[in-house]
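Worksheet: one structure, shown below.
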Amino acid sequence: MRVSRTICLGFFTVITIGAVLLMLPLSTASGTWNDPITAIFTATSAVCVTGHIVVDTATYFSTFGQLIILLLIQIGGLGYMVATTLLLILLGRRQLGLRDRLAIQQAMDRPKLQGTVPLLRSIIATILIFEMTGMFFLMTVFIPEMGFYPGLWFSIFHSISAWNNAGFSLFSDSLVGFQSSVRVNLVISLLVILGGIGYETIFEVMQWIQHQFKKNAPPMSFSLNFRVATSTTVFLLLIGTVAFLFTERNNPNTLAGSSFDTKLLMAWFQSMTARTAGFNSIDVGQMTTAGLFFTIFLMFIGGSPGGTAGGIKTTTLRVISSCTQTILQGKEEVVLYERKVPTSMILKALGVVFGSLTTVIIATMLIALTDPKVNFINVLFEVVSAFATVGLSTGITASLSGLGKLVLVVTMYMGRVGILLLMSALIGESRASLVHYPEESLLVG
C-alpha cells in the first residue's frame, strides 16, 4: 500500500460508510430507505466538501441525517489521513511512524516532515477557535429568528460548513434570504476565506503576532507561500467583486433593483463563494452567461494549498502566470518576490493544470452525452463546480440522469483527493532517473 493509495482508499471508505448511514430510514425525514444514488451523491459531496445536492438537505434529511452530513464534512475538510491520525493521538498514541508523517505531508501538501504532531494539535485548536467563533456570531442572527435550539443547530451547521468550504445549508435557498444581512455575509465570508487560505498561512500570521510582543527581536519575514497565497487571494476577491458588479448590475434576477450597498454585498459574496465555498445569496441559475463564465474561472482556480478549499490553487495560478511573464521578459528563471521558483514546482503546476483541464473536458463530454438536452454552459459550470469542490449549481443537478450524477460523483472525488495524487495511486509513484538525454529545440506556440 503506497501512501497515495492509502489516502485515496481512505476517502473512498469514508464515503462508503457515509452513504450506508444516509441510506438508513433514520437519516430521512420521511423515515423510509433512501435512494442509493442520492445517498452516494450526498456522502461524496459532503466528504469532498463540495456542497452539490440532488435533494433539499433541510427537508429531505432528518436531524440524524444532517448530523451525519456534518460529520462527513468535518472529516472531509480535515482529510482522511489527518482525521485518522488525530483520532489516534486522542486515543493516546504519542509517536507517529515515518509512513504516517509522509501521508500527512502529502495530504497537507507540506514541504517537510518535521513537527507533524504539534502541527496537528495546532490545526485542532485553530478549527475549534474559528468554528466556535463563527457559531457564536451566527447565533446572534439565527436564534432571535428561530428560537434557541433550532437557531443553535443552524449556527453550528453553517459555521462548520463554511469553515470547511462545504457549502451545505439548512436553508432551502441557501443564503438568499440573508443577502442583505451584513453580519451573516461577513461571518460566512471570513470563515470561508480563512478555512481556504491554508493552515500554514494562518500559523504564520499567529507567529507574526507573537513576534511583535518580543523585545529586540529581529524583523520577521513571511514565506513565499504566504505572500503568494494572500496576495493572490485578495486580488481575486477584489477583481471578482468588480466583475460581478459589472456583469450582473442590470440583471433583474440577481443584482438589479437592489440598493448599491446590497449590490456590493451580493457581488462580494458571489466572488468569495466561487472560491470553493458553495453558498449563494443570489439565484445562480439566473445569472448572465458572462457572470457564469467568470464564476467558472474563479471556481477552477479555487483556494490555497493546505486548507479546505479545492481548485488548482492560487499558488499554481501564480507559478503558471509567472512562467508566462518570464517568457515575455526574455528571462530564464521564474522569480516570485525575489525568490527563484524550483523547476520541480513549475513541472508540478503544469501537471496540475493539464490534469485538471483533462478531467473537466472528459467529464463535461460525458455529461453532454448522458444529458444532451442540458445547456453546454450549465454542464461546464456543474463539472467545474464539482471538480473544484465548490458546490455552486445552476439548478440542473437534481434533474441529471443517474449516469450524469455518477460522473459528478467521480469528478468530486478526483477533485478532492487531487489529480496528481490519484494518478500516483493508480500508476505508481515516480522514481528519479539516472539517464540524461541530449537537448534539442522544437517549435512551440
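As the structure is a prediction and not an experimental result, all values here were calculated from the model.
- When every heavy atom of Met345 is checked against every heavy atom of Val341, the shortest pair comes out as CB-CG1, 3.9 Å.
- To the nearest 0.5 Å, the span separating CD1 on Ile396 from CG on Asn378 amounts to 5.0 Å.
- Residues Lys263 and Leu245 form a side-chain contact, since some pair of their non-hydrogen atoms from C-beta on lies under 4.5 Å apart.
- By the 6.0 Å contact criterion, CZ on Phe12 is open, its count of non-hydrogen atoms from other residues, nucleotides or ligands being 12 or less.
- Under the 3.5 Å distance criterion, the side-chain polar atoms of Ser62 are matched with a main-chain donor or acceptor of Leu26.
- When only modelled atom types and interatomic distance are considered, Glu204 and Ser223 share a side-chain donor-acceptor pair under 3.5 Å.
- Between Thr288 and Glu248, some side-chain heavy-atom pair lies under the 4.5 Å cut-off.
- The number of heavy-atom neighbours closer than 6.0 Å to OH of Tyr337, taken from other residues, nucleotides and ligands shown, is above 12.
- At a cut-off of 3.5 Å, with distance as the only test, a side-chain donor of Arg318 or Ser231 sits close to an acceptor on the other residue.
- Side-chain atoms of Thr308 and Asn164 form no donor-acceptor pair, as typed in the model, at a separation below 3.5 Å.
- The closest donor-acceptor contact from the side chain of Ser45 to the backbone of Phe41 lies at 3.5 Å or more, if one exists at all.
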Inset, instruction - Go through the steps to decide whether Arg183 and Thr140 satisfy the test side-chain contact (heavy atoms from CB on, under 4.5 Å), and finish with yes or no. - result: CA-CA 9 Å; Arg183 189 175 305 177; Thr140 62; 2.9 Å; yes
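- At least one donor-acceptor pair closer than 3.5 Å links the side chain of Tyr413 to the backbone N or O of Cys8.
- We find the CD1-OG1 distance between Ile377 and Thr295 to be 9.5 Å, quoted to the nearest 0.5 Å.
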Inset, instruction - Apply side-chain hydrogen bond (donor to acceptor under 3.5 Å, both in side chains) to Ser172 and Asp56, showing your working. - result: CA-CA 6 Å; Ser172 298; Asp56 183 8; 2.6 Å; yes
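- Inter-residue side-chain proximity for Gln74 and Ile127 is flagged as met; some heavy-atom pair is nearer than 4.5 Å.
- Gln270 contributes atom CD, which lies 8.5 Å from atom CG of Leu255 (distance to the nearest 0.5 angstrom).
- Of the possible donor and acceptor atoms, one in the side chain of Ser161 sits under 3.5 Å from a partner among the backbone N and O of Gly167.
- Of all non-hydrogen atoms in Met139 and Pro144, the two that sit nearest each other are O-CD, 3.4 Å.
- If you check the side chains of Asp371 and Ser401, you find a donor sitting under 3.5 Å from an acceptor.
- Counting all heavy atoms, side chain and backbone alike, Thr411 lies closest to Val383 at CG2-O, 3.9 Å.
- Judged by distance alone, with hydrogens and angles left aside, the side-chain atoms of Ser281 form no donor-acceptor pair with the main-chain N or O of Val176 at under 3.5 Å.
- Surrounding CZ of Phe203 are more than 12 heavy atoms belonging to other residues, nucleotides or ligands, all under 6.0 Å away.
- Listed by first then second residue, pairs satisfying ring-ring contact (aromatic ring centres under 6.0 Å, His included) with a partner in residues 243-280 read Phe244-Phe294, not counting sequence neighbours.
- Distance CE/Met272 to CG/Asn185: 7.5 Å, rounded to 0.5 Å.
- For the pair Ile296/Leu380, a side-chain contact is recorded, criterion being any heavy-atom separation below 4.5 Å from C-beta on.
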Inset, instruction - Before giving the answer on side-chain contact (heavy atoms from CB on, under 4.5 Å), spell out for Ile156 and Leu70 the whole-Å C-alpha distance, their side-chain angles and the decisive distance to 0.1 Å. - result: CA-CA 9 Å; Ile156 294 173; Leu70 197 62; 4.2 Å; yes
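- Here the straight-line distance linking atom CG of Leu392 with atom CG of Leu298 works out to 10.0 Å at 0.5 Å rounding.
- Atom CG of Leu292 sits about 10.0 Å away from atom CD of Gln286, to the nearest 0.5 Å.
- A side-chain donor-acceptor contact under 3.5 Å links Ser271 to the backbone of Leu237.
- In this structure, Ala19 and Ala43 approach most closely via the heavy-atom pair N-CB, 3.5 Å.
- In summary, the side chains of Thr233 and Thr314 do not present any donor paired with an acceptor at a separation below 3.5 Å, with no hydrogens or angles considered.
- The nearest pair of heavy atoms linking Ser385 to Gly391 is OG-N, 2.9 Å.
- Using a distance-only test at 3.5 Å, with no hydrogens or angles considered, a donor-acceptor pair links the side chain of Thr370 to the main chain of Ile367.
- A donor and an acceptor atom, one from each side chain of Ser159 and Glu131, are nowhere located under 3.5 Å apart.
- For the pair Thr42 (side chain) and Thr38 (backbone), a donor-acceptor distance under 3.5 Å is present.
- Taking the side chain as every heavy atom from C-beta outward, Thr389 and Asn165 never approach each other to under 4.5 Å.
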Legend entry - CA sep, side-chain torsions, deciding dist, call: Val410, Met414, side-chain contact (heavy atoms from CB on, under 4.5 Å): CA-CA 6 Å; Val410 175; Met414 294 177 67; 3.9 Å; yes
Acceptor/donor pairs from residues 146-153 side chains to any protein atom, 3.5 angstrom cut, sequence neighbours excluded:
from   : atom 1 : to    : atom 2 : distance (Å)
Trp153 : NE1    : Gln66 : OE1    : 3.0

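- Looking at heavy atoms from C-beta onward, Val407 lies out of side-chain contact with Leu403 at the 4.5 angstrom threshold.
- Minimum heavy-atom separation, Ile188 to Ala162: CD1-CB, 4.0 Å.
- Between Phe171 and His158, the ring planes lie tilted relative to each other; the angle falls in the 30° to 60° range.
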List, one per line, each side-chain donor-acceptor pair under 3.5 Å for residues 349-363, sequence neighbours excluded.
from   : atom 1 : to     : atom 2 : distance (Å)
Ser356 : OG     : Val352 : O      : 2.6
Thr358 : OG1    : Phe354 : O      : 2.8
Thr359 : OG1    : Gly355 : O      : 2.8

Inset, instruction - Would you please test Ser259 and Thr262 for side-chain hydrogen bond (donor to acceptor under 3.5 Å, both in side chains) and show each step? - result: CA-CA 5 Å; Ser259 64; Thr262 305; 3.0 Å; yes
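- In this structure, Thr273 and Val192 have side chains that are not in contact, with every pair of non-hydrogen atoms separated by 4.5 Å or more.
- Residues Asn34 and Thr28 bring no donor and acceptor atom of their side chains to less than 3.5 Å of each other.
- Remark: the backbone N or O of Gly395 is paired with a side-chain donor or acceptor of Ser393 at under 3.5 angstrom.
- The shortest distance between side-chain heavy atoms of Val284 and Phe381 falls below 4.5 Å.
- Taking the six-membered ring for Trp and the full ring otherwise, the centers of Phe142 and Phe178 sit less than 6.0 Å from each other.
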Inset, instruction - Starting from the C-alpha separation in whole Å, work towards a yes-or-no answer on side-chain contact (heavy atoms from CB on, under 4.5 Å) for Arg416 and Phe11. - result: CA-CA 9 Å; Arg416 182 65 185 96; Phe11 272 105; 3.9 Å; yes
